[in-house]
Amino acid sequence: MRVLVVGGGAREHALCWKLGGERGASEIVCAPGNAGIARDFRCLPADAGRPADVVALVERERIDLTVVGPEGPLTAGLVDSLGAAGHRACGPTRLAAEIESSKAFAKRLMAACGVPTARSVTCTALSDALGVLRDERFGYPVVVKADGLAAGKGVTVALDRASAETAVGEMMVDRRFGDAGSAVVIEEYLRGREASFFVLTDGVRARVLPSAEDHKRAFDGDGGPNTGGMGAFAASPLVTEAMADRILDSIVEPALRGLRGEGRPYRGFLYCGLMITDDGPKVVEFNARLGDPEAQVVLPALDEDLLPHLWNAAGGAIEPGAFRVRPDRYVGVVLASGGYPGAFETGKAIAGLDDPALRDGAQVFYAGVADRGGALVTAGGRVLTVVAGGAGFAEAREAAYAAASRISFEGMHYRRDIGVRAIG
Ligand code: AMP
Ligand code: GLY
């Protein structure tokens, strides 16, 4: 089978790597990919946000199955366009992907089908939003969210009314996130620990992947600004088998039923961002895809081929249950450019990538890299994810950090405490 992976980050590299090691895939192609992925897989230029470009590529390359990594192409309607042209794609349609691209829709869906989540209101007028903050119905802290996609920056946890008002003003008046902030969701602050729960679904049945936890803050001890994710580990110790059953019964199944009822059947990976509270698991957000960096630790943990299940999910006939998983634990550390998530320089030479000690026992998944005369240089904020497995989290951490220590580039920074939470 000829498979196309759409996207160009470390998550997509992990997908290529996983599928490339399987019997069913005759060739893996990535579009647009990046210079690091291109070391092992054929990468083709394409604007992943323009469905017509990708459809043309699928036809030119005689692709049998397209797997979409990021939310942008899903929201642009890539799966709809591929389907209309008669091509099989694993991922939700544009309307189904609104579970991620419109927080207002996700909240309405959850309310309609009884999925546990933070109490919230959606406001489309500034005066309404300010009124909600004034009447203190959710207390403080309170969470203010832009309705639409905002590259992970559209959520503010406000400790008091003044900062909540500032957040609302930035979204609705300054239009910091453009149309994404035309509506805002204001919601109750949930206390607990976060976990990421993933299923692959055909819209009716779901197959459960290993759970994970990511580390969103820039610095050790969860300090500093939010980032796209500085590391992750799998599986989350919070998601026991009993907890997984509870999440399936109270969250995944009602949400899939609700989406079908809305005429938006959902196929592909569904990511449930959860707060495990004293009252049980509650949804913080849904994403219409695998997480990044979670995918980099979840995919190595699978102990069976993924491709047949991607094919079946896309075709509406997935085998329910849980993926077979390895007994090992996995830790992934993101190596980032100096200054990230703020301003950073690019074009720094990356040393140590061909260290044989690195190749042995750890995986490097590339994100923000470019080719300069046959060598890789930095080209983004999150440059790469180093992943290793081990019998326990301590062993996995040791292996991941031993590998990370072999790599260097000017300004490089990374967290030293990825996975510590799983041990402590
Ligand atoms: P989101 O983009 O919706 O995942 O939000 C980003 C982060 O904000 C989440 O990962 C949580 O850490 C935090 N967050 C969002 N909503 C809530 C909430 N209702 N209560 C507590 N924390 C939240
Ligand atoms: N790791 C969070 C995300 O992919 O949205």
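Just so you know, ligand 1 is whichever comes first in the structure, and atom 1 is the first atom listed for that ligand. Keep in mind that what you see is a predicted model, and the values were worked out from it rather than measured.
Scanning all protein heavy atoms for the shortest distance to atom 9 (C) of ligand 1 gives Glu194 OE1, 3.4 Å. Counting protein heavy atoms only, atom 20 (N) of ligand 1 is closest to Leu190 N, 2.8 Å. Given atom 7 (C) of ligand 1, the protein heavy atom at minimum distance is Val155 CG1, 4.4 Å. When only non-hydrogen protein atoms are considered, atom 13 (C) of ligand 1 lies nearest to Val157 CG2, 4.3 Å. Among all non-hydrogen protein atoms, the one lying nearest atom 14 (N) of ligand 1 is Val284 CG1, 3.9 Å.
Short contacts between ligand 1 and Glu187, defined as distances under 4.0 Å to a heavy atom of the residue, involve ligand atoms 16 (N), 17 (C), 18 (C), 19 (N). Within ligand 1, the atoms closer than 4.0 Å to a non-hydrogen atom of Met275 are 21 (C), 22 (N), numbered from 1 in the order shown. Each of the following atoms of ligand 1 lies closer than 4.0 Å to a heavy atom of Lys216: 10 (O). Residue Lys145 has at least one heavy-atom neighbour below 4.0 Å for each of these atoms of ligand 1: 3 (O), 15 (C), 16 (N).
Counting heavy atoms closer than 4.0 Å to ligand 1, residue Lys103 contributes side-chain atoms (C-beta onward) but none from N, CA, C or O. Only the side chain of Val143 comes within contact range of ligand 1, with a heavy atom under 4.0 Å; no backbone atom does.
No salt bridge links Lys145 with Glu285; every basic N to acidic carboxylate O contact stays at or beyond 4.0 Å. A salt bridge is absent between Asp174 and Arg176: the closest approach of a Lys/Arg side-chain nitrogen to an acidic carboxylate oxygen does not fall below 4.0 angstrom.
A cation-pi arrangement is found for Arg416 relative to Tyr414, the charged atom lying closer than 6.0 Å to the ring centre and inside a 45° cone about the ring normal.
A pairwise comparison of heavy atoms in Ala25 and Ile28 identifies CB-CD1, 3.5 Å as the closest pair. The minimum heavy-atom distance between Gly361 and Ala388, with the atom names listed, is O-CB, 3.8 Å. A pairwise comparison of heavy atoms in Ala46 and Pro32 identifies O-CB, 3.8 Å as the closest pair.
Within a 6.0 Å radius of CD in Glu241, other residues, nucleotides and ligands contribute 12 heavy atoms or fewer. Within 6.0 Å of CZ on Arg260 lie more than 12 heavy atoms contributed by other residues, nucleotides or ligands. Applying the 6.0 Å contact sphere to CD of Glu304 captures more than 12 heavy atoms from other residues, nucleotides or ligands.
The aromatic rings of His413 and Phe219 are tilted relative to each other, their planes meeting at an angle between 30° and 60°.
Protein neighbours of ligand 2 below 4.0 Å, counting non-hydrogen atoms: Asp214, Tyr271, Asn287, Arg289, Gly291, Asp292, Pro293, Glu294.
In this view, Phe393 and Phe233 satisfy the ring-ring contact (aromatic ring centres under 6.0 Å, His included) rule, not counting sequence neighbours.
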